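Just so you know, these numbers use all the heavy atoms, side chains as well, and skip hydrogens, waters and symmetry mates. Note that the structure is predicted; figures quoted are calculated from it, not measured. In each ligand, atom 1 is the first atom listed, and ligand 1 is the first ligand listed.
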Amino acid sequence: MHHQEILHSFNDFNFKSQLLKGIIEAGFKIPSPIQIEAIPYVLGGHDLIAQAQTGTGKTAAFALPIIQNLKNSGSIEALIITPTRELAMQISDEVYKLGRFCNTRTVSIYGGQSIHRQVDLLKKCPQVIIATPGRLLDHLRNDRMGNFSPSMVVLDESDEMLDMGFLDDIEEIFTYLPSYRQTLLFSATMPLPIKNLAKKILNNPKIVKIAATEATNSDISQRYYIINEHEREDAIVRLIDSETPTKTIIFTRMKKEADNLSHCLKARGYLSGALHGDMEQRDRQQTIKLFKQGDIDILVATDVAARGLDISDVSHVFNYHIPLNSENYVHRIGRTGRAGKKGIAVTLATPLEFKEIKRITENTKAKIELYEIPTIAQTLKNAHSKLIAKMLTTEISDEALRLYEQLSEEMETSQLACKLLSVLLNNHAISGPNKIGLNKEDLAKIKNSLLRYNKKTTTDRRRGGFRGDNGFGRKHSRSSDKRHKPNRSNR
Ligand code: AMP
């Protein structure tokens, strides 16, 4: 452990003291895995392919050695190409933050800003240029970059540039770059066109790869409930009644399902709204606004619509169905437990879907615990203790005092208190059947009957009466954990 600590310190990179000061001021304590792996190669002058997602500290993995290597030669020494203006600004902030005691001078170049202004900025001898491909190419084609010969070039978010159709621009940009240079290619995924690009622009690159850790946030308590297929809606409603969340996002698989569930919740008196891709952009924004303001407190959303949604006080995320893969699971539950707050992630599953829970647990290394859906009596008890706790901690407002004085002339205090409690509890009438979902005994029964079934089929097989897997039977492939696009929620 001690050995590891020594190895994993920013001091190990032999950075200059002003850079170390910047690192400390930025609040970085220890280098992240991508930094540990990539920085020595970059400092050693190698070309590099780095496969890492946003959030791994990849920006500093290239920014730190760039700043370390700057010689103040009076010309542009490093070029960072990134797909969007937002990312360019993010990178520029990071380079500024880390390099401020080294007086690192950067200029960002992106579309939408005045060309003249950029040309003026370029005249001020920046050391590092952070550029989006289109505008950079425009400057290069029109010979506005002066004596442009950066010795370090970074392609950031390469797969995203591919998706945005920038690959031809990138190739053209490289025709303007000196052949004697160090090139670093960063990408979350490595599709074939990126591999081919890497072959063209990199020279004998080192390769580092940070596994897409789907590690989930430990501030999120993760639970699953086993229910029957027809009980999904009742289960959600019961859990909302018993948990009294501040804000909830319920994920559905389909747009229609999001609409239907939101409708049903509204009909039952909950403040709910749907969010999915078939809605007009304006309606989507309006729904998000209502949710942020608290005018609705339940958002029923599909994966795509809720991706990247950053709302700080979502206490509960519900998976109406199990998400299609672990990556979606991590995205979904990451909508809660934000900004250091605690969150609860609930997944509903039928007995048949249990193996999917197991698969997600294995892939994400998360601890997802089995819970039972509370009965009406338990729900009432929960709701009551929450009400009592709230009453004990609520301060008496002037308005309440005035109302009390007015009412106390009309009735006894105890009568008044009971009437008030009845008003409060009326809002909390618990609906639905008493027992929803399967409890531990039900699950034990299922397990036993499965065991009996397995024993029977094994015996049948021994007798030769079962042709399940005798070489002819097709093996069913498990539903694969398809990997879609990486988490880009930080943008
Ligand atoms: P990135 O993956 O480059 O988007 O970085 C994600 C965030 O982590 C940024 O806000 C960085 O400032 C921060 N960060 C990068 N490296 C470290 C580190 N070693 N320690 C703490 N925070 C870091």
Below 4.0 Å, non-hydrogen atoms only: which portion of F10 touches ligand 1? Side chain, backbone, both or neither.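 For F10, only side-chain atoms sit under 4.0 Å from ligand 1.
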Per-atom contacts, ligand 1 versus [X] - under 4.0 Å to a heavy atom:
X: K97; result: 12 (O)
X: S32; result: 19 (N)
X: T59; result: 1 (P), 3 (O), 4 (O)

Would you check whether I30 reaches within less than 4.0 Å of ligand 1, judged by its heavy atoms?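 Yes.
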Nearest heavy-atom neighbours spanning Y110 and M89: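 Taking every non-hydrogen atom into account, OH-SD, 4.0 Å.
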Closest approach of D159 to T189 (non-hydrogen atoms, all atoms of both residues):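 Answer, listing the atom of D159 first, then T189: OD2-OG1, 2.6 Å.
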Please identify each residue that fulfils ring-ring contact (aromatic ring centres under 6.0 Å, His included) with F15, with sequence neighbours left out.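 Per chain and number, F15 pairs via ring-ring contact (aromatic ring centres under 6.0 Å, His included) with F13.
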Is it true that Q113 and R135 share a donor-acceptor pair across their side chains at a distance under 3.5 Å?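 No, no side-chain donor-acceptor contact under 3.5 Å.
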What do you reckon, does Q90 have a nitrogen or oxygen under 3.5 Å from a nitrogen or oxygen of ligand 1?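 No - when backbone and side-chain N and O of Q90 are compared with those of ligand 1, no distance drops under 3.5 Å.
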Backbone or side-chain N or O of G57 under 3.5 Å from ligand 1 N or O: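 So ligand 1 has an N or O lying under 3.5 Å from an N or O of G57.
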With sequence neighbours left out, which residue pairs that include part of residues 96-106 fulfil the salt bridge (Lys or Arg N to Asp or Glu O under 4.0 Å) condition?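 Pairs touching residues 96-106 that pass the test: E25-R100, E94-K97.
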Atom CZ of F174: over 12 foreign heavy atoms under 6.0 Å: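 Result for CZ/F174: enclosed.
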